[in-house]
Colleague: 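Sharing a structure below in structure tokens format, with a few things to ask.
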Amino acid sequence: MSHVPPLSAIDPEGEPLLHTRDYRVDAYRAGPTTLRLRGQLRDTKPDGLWVLVEDDKPMTIHHMIVDLIIEVPSLEITAAIPVMETRPHHECREILGRYEGLVGLSIARGFTHKVRELFGGPRGCTHVTMLLQAMAPVALQSIFSFMEPEPDGAPVDVRRRDEQRRVHFERNRGSCHVWADDGPMFNRLEAGEELPMPIWAEERFVELGIDTQVWIDRGA
């Protein structure tokens, strides 16, 4: 097999850029049991590649923003606020009210399928619907950060934290080969073992000269 360089080593400069799509999803602590998830999708055409070849500025053709207010630990959506900052047609915004149907859904497992079912095709906006599907995993990724430290600086409730961890691990079940029923994570949990540190955490601890035992002692 011939050696294939990593994509990070391939420099596409010199190849004409045609289009850029950016997704950004940020998670915020909106209250003691409330998470705010803000997603943005932006499509941009490079300068000189749209109708006006004389234009020397990139042109944004789609910019969609969605705020989801989510209760923790249930992960139920209690409010959904979609906004179209940039859209191609005046009529585009007429569909936004339909996304009120997100309220009451859980953003955990099954969310992506439900979003396609409710808002796919002519039932919604293609770009808002795709943005929602990109937002769901970020909510799950933010749960550990949400749980600790306690927002008011109070001591961590160990029993509550451990229960939240168990719920979080169950949400991961079947999500990939590592979290399969017979995969390495659940095998360790069922054997009563601690889960290994993530590679990114271990590398940062080493970089900072901090003993990795701290990860276990803090119940991460």
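Keep in mind the model is a prediction, meaning the values are calculated, not measured.
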Colleague: Could you tell me which residues satisfy side chain to side chain contact (heavy atoms under 4.5 Å, CB included) with A30, sequence neighbours excluded, listed by chain and number?
Modeller: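 With sequence neighbours excluded, A30 shows a side chain to side chain contact (heavy atoms under 4.5 Å, CB included) to T34, R36, given in chain and number order.
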
Colleague: Partners of H62 by ring pair (Phe, Tyr, Trp, His ring centres under 6.0 Å), sequence neighbours excluded?
Modeller: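 Per chain and number, H62 pairs via ring pair (Phe, Tyr, Trp, His ring centres under 6.0 Å) with H127.
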
Colleague: Could you work out, with side chain to side chain contact (heavy atoms under 4.5 Å, CB included) as the rule, every residue matching A139, not counting sequence neighbours?
Modeller: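 Partners of A139 by the side chain to side chain contact (heavy atoms under 4.5 Å, CB included) criterion, ordered by chain and then number, come out as L35, L37, I70, I107.
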
Colleague: Side chains of residues 115-123: which donor-acceptor pairs under 3.5 Å do they make with residues two or more places apart or in other chains?
Modeller:
{"unit_1": "R116", "atom_1": "NH1", "unit_2": "Q133", "atom_2": "OE1", "d": "3.4"}
{"unit_1": "E117", "atom_1": "OE2", "unit_2": "K114", "atom_2": "NZ", "d": "3.0"}
{"unit_1": "R123", "atom_1": "NE", "unit_2": "E117", "atom_2": "O", "d": "3.1"}
{"unit_1": "R123", "atom_1": "NH2", "unit_2": "R116", "atom_2": "O", "d": "3.4"}
{"unit_1": "R123", "atom_1": "NH2", "unit_2": "G120", "atom_2": "O", "d": "3.4"}

Colleague: How far apart are the C-alpha atoms of L41 and H63, what are their side-chain angles, what is the distance that settles it, and do they pass the side-chain contact (heavy atoms from CB on, under 4.5 Å) test?
Modeller: CA-CA 6 Å; L41 177 153; H63 185 196; over 6 Å; no

Colleague: Thinking salt bridges, do K57 and D47 make one under a 4.0 Å N-O criterion?
Modeller: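 Judged by the 4.0 Å cut-off on N to carboxylate O distance, K57 and D47 do not form a salt bridge.
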
Colleague: S142: which residues meet the side chain to side chain donor-acceptor pair (under 3.5 Å) condition with it, sequence neighbours left out?
Modeller: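 Per chain and number, S142 pairs via side chain to side chain donor-acceptor pair (under 3.5 Å) with no residue.
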
Colleague: Any side-chain hydrogen bond (donor to acceptor under 3.5 Å, both in side chains) involving residues 78-88? Give me the pairs, sequence neighbours left out, ordered by first then second residue.
Modeller: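 Every candidate side-chain hydrogen bond (donor to acceptor under 3.5 Å, both in side chains) pair involving residues 78-88 fails, so no pair, neighbours aside, qualifies.
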
Colleague: Salt bridge between D26 and R24, side-chain N to carboxylate O under 4.0 Å?
Modeller: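 A salt bridge links D26 with R24.
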
Colleague: Answer yes when D22 and R42 have at least one side-chain N-carboxylate O distance shorter than 4.0 Å, and no when they do not.
Modeller: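 No, no charged N to carboxylate O under 4.0 Å.
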
Colleague: Got a sec, which residues hit salt bridge (charged side-chain N to carboxylate O under 4.0 Å, His left out) with R188, two or more places apart in sequence or on another chain?
Modeller: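 None.
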
Colleague: Going by salt bridge (charged side-chain N to carboxylate O under 4.0 Å, His left out), name the residues that satisfy it together with R93, two or more places apart in sequence or in a different chain.
Modeller: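 Once residues adjacent in sequence are excluded, R93 has no partner under the salt bridge (charged side-chain N to carboxylate O under 4.0 Å, His left out) criterion.
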
Colleague: Under the side chain to side chain donor-acceptor pair (under 3.5 Å) rule, collect the residues that match up with Y28, sequence neighbours excluded.
Modeller: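 Once residues adjacent in sequence are excluded, Y28 has no partner under the side chain to side chain donor-acceptor pair (under 3.5 Å) criterion.
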
Colleague: Please list, chain by chain and in numerical order, all residues satisfying side chain to side chain contact (heavy atoms under 4.5 Å, CB included) with E94, sequence neighbours excluded.
Modeller: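 Applying side chain to side chain contact (heavy atoms under 4.5 Å, CB included) to E94 gives E91.
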
Colleague: The criterion is side chain to side chain contact (heavy atoms under 4.5 Å, CB included); which residues satisfy it with E76, sequence neighbours excluded?
Modeller: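 Expected list: S74.
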
